[in-house]
Amino acid sequence: MIDAITQALRERLSRLRSERQAQGDYVARVQAFVHDHVHWFDRRPITKREWDEAVGDTQASVLRVRR
């Protein structure tokens with residue numbers, strides 16, 4: 001009985017270690033992807049005007065909705 005419990009705990013520990021290792025690899029892969037592709041994206045802060053144009057939240061659009 002003790003051997004069966006010990007074996008089950010060893011298997012569970014092995015699965016947990018594998019999951020943890022896989023998650024670490026995932027984070028490393030995502031970081032590598034971001035590092036390789038960061039130049040594709042404009043990361044500067046946007047202005048209020050740019051934001052309003054993107055979401056359509058301008059005074060003219062608000063007035064059209066109210067009518």
Side-chain angles (χ1 to χ4, degrees):
M1 178 78 165
I2 292 175
D3 291 338
I5 293 172
T6 302
Q7 182 62 29
L9 288 174
R10 284 186 181 138
E11 290 172 3
R12 174 70 177 143
L13 180 59
S14 175
R15 284 193 303 273
L16 288 173
R17 285 180 177 158
S18 296
E19 290 172 8
R20 193 172 282 173
Q21 182 181 8
Q23 185 175 8
D25 292 342
Y26 173 78
V27 171
R29 287 194 322 264
V30 169
Q31 288 175 336
F33 176 84
V34 169
H35 179 73
D36 293 343
H37 298 89
V38 71
H39 64 278
W40 288 0
F41 303 99
D42 179 9
R43 297 182 301 144
R44 66 179 172 77
I46 63 170
T47 65
K48 181 174 181 351
R49 180 179 177 179
E50 290 171 319
W51 177 263
D52 289 343
E53 288 174 1
V55 298
D57 204 17
T58 62
Q59 185 63 29
S61 66
V62 171
L63 291 175
R64 278 188 298 236
V65 171
R66 289 185 183 168
R67 291 180 186 182

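No experiment lies behind these values; they were computed from the predicted model shown.
- How far CG of L13 is from OG of S18: 9.5 Å, rounded to the nearest 0.5 Å.
- Residues L16 and E19 meet the side-chain proximity criterion, which asks for heavy atoms closer than 4.5 Å.
- If you take CD1 on I5 and CZ on R10, they are separated by 12.5 Å, rounding to the nearest 0.5 Å.
- Enclosure of atom CZ in R49 is not indicated, since only 12 or fewer non-hydrogen atoms of other residues, nucleotides or ligands lie within 6.0 angstrom.
- In this structure, E50 and R44 have side chains that are in contact, with non-hydrogen atoms separated by less than 4.5 Å.
- A donor-acceptor contact shorter than 3.5 Å is absent between the side chain of H35 and the backbone of Q31.
- Rounding to the nearest 0.5 Å places CZ of R20 at 13.5 Å from CG of D25.
- F41 and F33 fall into different hydrophobic clusters, where Ile, Leu, Val, Met, Phe, Trp and Tyr are joined by side-chain heavy atoms under 4.5 Å apart, directly or via other members.
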